[in-house]
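I have placed the structure first, in the form of structure tokens, so that the comments after it can refer back to it.
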Amino acid sequence: MNTDLILRQQLMQRVFARMNDRQREAVFCVDGPLLILAGAGSGKTTVLINRIANLVQFGRAYHSPEIADLTEAQRAELQACASGLQMPSPELLSLLAVDPCPAWRILAITFTNKAAGELKERLVARLGPEGNDVTAGTFHSFCARILRREGEYLGYSSHFTIYDTDDSRRLMKEILKSRGIDEKTLPVKTVLGEISRAKDSLMSPDDYAAAMSVDPRLRKVSDCYAIYQARLKEADAMDFDDLLCKTVELFTTHPEVLQRYQNRYDYLMVDEYQDTNHAQYRLVSLLAARSGNLCVVGDDDQSIYQFRGATIENILNFEDEFAGCKTIRLEQNYRSTGRILTAANHVIAQNKGRKGKTLWTANPEGEKIDIVTFDNGDEEARWIAGRILDKVAVGAHLRDFAVLYRANAQSASIETALVRSGIPYRIFGGHRFYDTQEVRDAMAYLRVLCNPTDAVALRRIINQPRRGIGDTTLERAAGLAEQQDIPLYEVLSHADEYADLQRASAKIKGFIAMMDALRDKLEQPDVLPHDVYREMLEVTGYQKMWELQGEAEAERVQNLQELESAIRKYEDESDEGAASLAGFLEEASLMTDVDNYDADADTVVLMTMHAAKGLEFPTVFLPGMEDGVFPSLQTMFEPDKMEEERRLCYVAITRARERLIITNAVSRLMYGQTNRNRPSRFLNDIPPAVKAETKKTTARPFMTEAFGGNRGGFDGGFGGYGHRSGGVRTSYDDSRMPDYESYSQETPPAAARSSWAATPATPPKPATPAAPCAWQVGDRVKHNAFGSGTVKAASPMGNDVLLTIAFDKIGEKKLMGKFARLEKES
DNA sequence: TTATGGCGATTTTTT
DNA sequence: ATCGCCATAA
């Protein structure tokens, strides 16, 4: 009997053999509250997957004294499996399990949709179709699902609309205007920020009003909050924050509903716990209150969203809040080289109030961290592009490179340099597809079809294209709606009955009739959402409106087509007959850019450091490492913000697997102004032993050595950059990239992924086929930025060719043949 | 009601 | 540098 228990433990150790001791401990610890402090790259996703797999396959078996009686044959099989000779059969598994948990009773909450998708994918790879039964989603998507089902308890319909920040802004603008509040004294974003903070901490408009001081400005905010909520309600709409706090409200006011969800889920897991806010904490506590099985994973050092309401206290106090909590630290990093990790550790060590954690790695030390200084941002950007081409020339993939910056505004110069070098890249953040005017308008049409009471959407499109229904008319109609407490759409439907609307009533009725007809179509069976979308573009004249603008707005027409593809894609991915327009709108409203990140596409990646959280790249560039850029100017004098900034730096550094290249510039053009910045203070914290500093700056004769040397503190204006003519030669080793295998557990090699016993084998890289080359050595070519030149060398690479071209004016450049827009010159 | 031009203010991060 | 607001003119 006792030996059976030991054998079972041995077998389980084998099944989860690919993990280290601490990780396995987390996997086997299934009962009660568990805090996993997972350092960057410590394989926390792997732990989550395995922990769920353990719950489903073995339940509480590892620490349980119970075991079924085994026959001799079964014991023989167990013995064989325990010594790694064979894999356990399903029969044996079910015999060994103690209280296994059906997948559908597990809830996993992640930070992004992409993370949730990945989790699902890997669970299916591990558990088969049953993996799909795990509820995995973001807080927002999970709450949205609950509210669609249960919203009626709170007076919302099942097809309520989700307002995004732009919708909220429009609505608030209207409110401020109607209340005669000058936007200069009380900006929209200030009001919305206050409201958002209130919602994060679960304060209703009444709570807020009650807690308010006599500050007249905050009194106004309080009024606006109340009106804002009322207007949302009238529009059958919720904003992002509502999704969370309305769910909490639902659970606290309707215990019987809460109980249903508590009973449904036996095990809860929350990823990125350091980025949760108070409302999210409450939600999780409520859901886990029955089972008590709450596992949160997070890293206090990677908390970078406090600025938008995340409270690090959630993680710092977890052990106090949840009695009997067990804490497990994952400190072995599988991602980065030793030097990169050393740098990260030293940077983060400067922060106070940490849980305390030092990452270590068994990975090779790796190359030193390059720190390169330039005269200006353009030089910096050009060098980065050149460096990428150099490495691609010796076998690197474009997708191996990421450029991570503090603010989106920094992307422009990098983009220019990449375009000039013909390097394909993808950029995340900044203007997104769903944020373009035309896509938002088209979406607004669809929203009005699904939910006519959505006043923000209605006002957005009613005169787009021009229908002669202007502001005056709309203001009157909105006034009437408010007076009678009915939806704007309702007033417009009966426009002819109001004296005030006589003049425009024919036009209004035409518009309403058109929308009603489209809505009828929507309800017909066998009509797919994209059919309705297409017809909408047609009959509303919206697409025509852009087409008439000609070539200049061609991209907008393209985006409208693209939206149709997105709808079709949604239809394809939905279950037969389950694709509804409302469903698409919901998915789209909770979609973010990073969700679309495709690690396989072979291009360089540009994104903010925030957006890069959770991702990793072989080579990472961190441009703009200057005080005032990173750390950003508005954080430099506030200690709390400075700490968050430092954590962001830690996150950025730990994205790199093999190489980290940090750059800065003596002077930089940003927001239309040229600034001279000192090198980032974070650089001081990186030990000299792991960094290789290089100056690529030109002489400034009027400066002497006396000005050189950077001591701490501000020296007003001119930072100390004294260099002799010619600068210092580059010193970095230009040989090939390190060739060791990367041990990343977050992305195991495909071959190793499903095999249960260790011996991961990396499949050999397929040879890259030679591509036909449009350019020959000796050709004369013309480039629209660099002018004329002669092709000096052409080496095939992937399905493209790397050209070295000697330009007449500016010397030699390396360009990718497919992407550089070259013309032949006779 | 719509189109245009000039002006001023605004630049962190985003589910 | 870019965006959004406002006033003015058509």
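Note on naming: letters A, B, ... go to the chains in the order of the sequence lines (proteins, then strands), and numbering restarts at 1 for each one.
Taking atom OH of residue A/Y405 and atom P of nucleotide B/dT13, one finds them 10 Å apart after rounding to whole Å. Note: CD (A/E645) to P (B/dT13) measures 11 Å, nearest angstrom. Rounded to an integer number of Å, the gap from A/R169 CZ to B/dT14 P is 16 Å. Atoms CE (A/M607) and P (B/dT14) sit 11 Å apart, rounded to a whole Å. Per the geometry, CD1 belonging to A/I162 stands 11 Å off C1' belonging to B/dT15, to the nearest Å. If you take CG of A/L590 and P of B/dT15, they are 10 Å apart, rounded to a whole angstrom. At whole-Å resolution of the value, CG in A/D182 and P in B/dA9 are 12 Å apart. In this structure, the CG atom of A/D471 is 13 Å from the C1' atom of C/dC5, given to the nearest Å.
When atom types are taken as modelled, the side chain of A/N463 and the backbone of A/I469 share a donor-acceptor pair closer than 3.5 angstrom. Judged by distance alone, with hydrogens and angles left aside, the side-chain atoms of A/T276 form a donor-acceptor pair with the main-chain N or O of A/Y273 at under 3.5 Å.
Here, C/dG4 and B/dT13 have their P atoms 15 Å apart, quoted to the whole Å.
Only one option out of A/I109, A/L243, A/L590 pairs with A/S141 in a side chain to side chain contact (heavy atoms under 4.5 Å, CB included); it is A/L590.
Of the residues in residues 458-468 of chain A, those with a non-hydrogen atom less than 4.0 angstrom from any atom of DNA chain B are A/N463, A/R466, A/G468.
Stacking of A/K246 on the aromatic ring of A/Y156 is not recorded, the 6.0 Å distance cut-off and the 45° axial limit not both being met.
Residue A/Q634 places its side chain closer to B/dT11 than to any other of B/dT11, B/dT15, B/dT14. The side chain of A/T472 lies closest to B/dT1 when the candidates are B/dT1, B/dT14, B/dT15. You'll find that the side chain of A/T138 is closest to B/dT15, out of B/dT13, B/dT11, B/dT15. Of the candidates B/dT15, B/dT11, B/dT13, the closest approach to any side-chain atom of A/T608 belongs to B/dT13. Candidate nucleotides B/dT1, B/dT11, B/dT15 were compared by shortest atom distance to the side chain of A/T165, and B/dT15 ranks first. Closest approach to the A/K173 side chain among C/dG4, B/dT1, B/dT13 is made by C/dG4 (side chain taken as heavy atoms from C-beta onward).
Contact annotation: A/T473 reaches the phosphate of B/dT1 (side-chain N/O to OP1 or OP2, under 4.0 Å). Proximity of A/N113 to the phosphate of B/dT15: no side-chain N or O atom is located under 4.0 Å from OP1 or OP2. OP1 or OP2 of B/dT15 has not a single side-chain nitrogen or oxygen of A/K199 nearer than 4.0 Å. Between A/S632 and B/dT13 there is no side-chain polar atom (N or O) within less than 4.0 angstrom of OP1 or OP2. When the side-chain nitrogen and oxygen atoms of A/S141 are compared with OP1 and OP2 of B/dT15, none of them lie within a distance under 4.0 Å.
A/A407 comes within 4.0 angstrom of sugar-phosphate atoms only, judged by non-hydrogen atoms across all strands, and of no base. Residue-level contact check: A/K189 touches the backbone only, with heavy atoms under 4.0 Å from sugar-phosphate atoms and none from bases.
No side-chain donor from either of A/E313 and A/Y281 sits under 3.5 Å from a side-chain acceptor of the other. Checking A/N559 against A/E438 by side-chain atom types alone, a donor-acceptor pair falls below 3.5 Å. A donor-acceptor contact closer than 3.5 angstrom is absent between the side chains of A/E194 and A/Y225.
Here A/E644 pairs with A/R647 in a salt bridge; the nearest charged N to carboxylate O distance falls below 4.0 Å.
Stacking between A/F139 and B/dT15 is absent: the ring centroid is not both under 5.5 Å from the six-membered base ring centre and under 30° in plane angle.
With DNA chain B read from its 5' end, the first of the two nearest nucleotides for A/E644 and A/R503 is the one closest to A/R503.
In this structure the side chain of A/K641 never reaches within 4.5 angstrom of the side chain of A/Q634, judged on heavy atoms.
Pairing each heavy atom of A/N277 with each of A/G309, the nearest pair is CB-O, 3.1 Å.
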Sub-3.5 Å pairs of nitrogen or oxygen atoms, protein against nucleotides 1-3 of chain C:
none

What protein N or O atoms touch nucleotides 8-10 of chain C N or O atoms at under 3.5 angstrom, if any, and at what distances?
none

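Qualifying salt bridge (Lys or Arg N to Asp or Glu O under 4.0 Å) partners for A/D239, counting only residues two or more places apart in sequence or in other chains: A/K199. With sequence neighbours excluded, the residues that form a side-chain contact (heavy atoms from CB on, under 4.5 Å) with A/P465 are A/Y445, A/R467, A/Y542, A/M545. Applying the ring pair (Phe, Tyr, Trp, His ring centres under 6.0 Å) rule to A/H610 yields the partners A/Y305, A/F307; only residues at least two apart in sequence or on another chain are considered.
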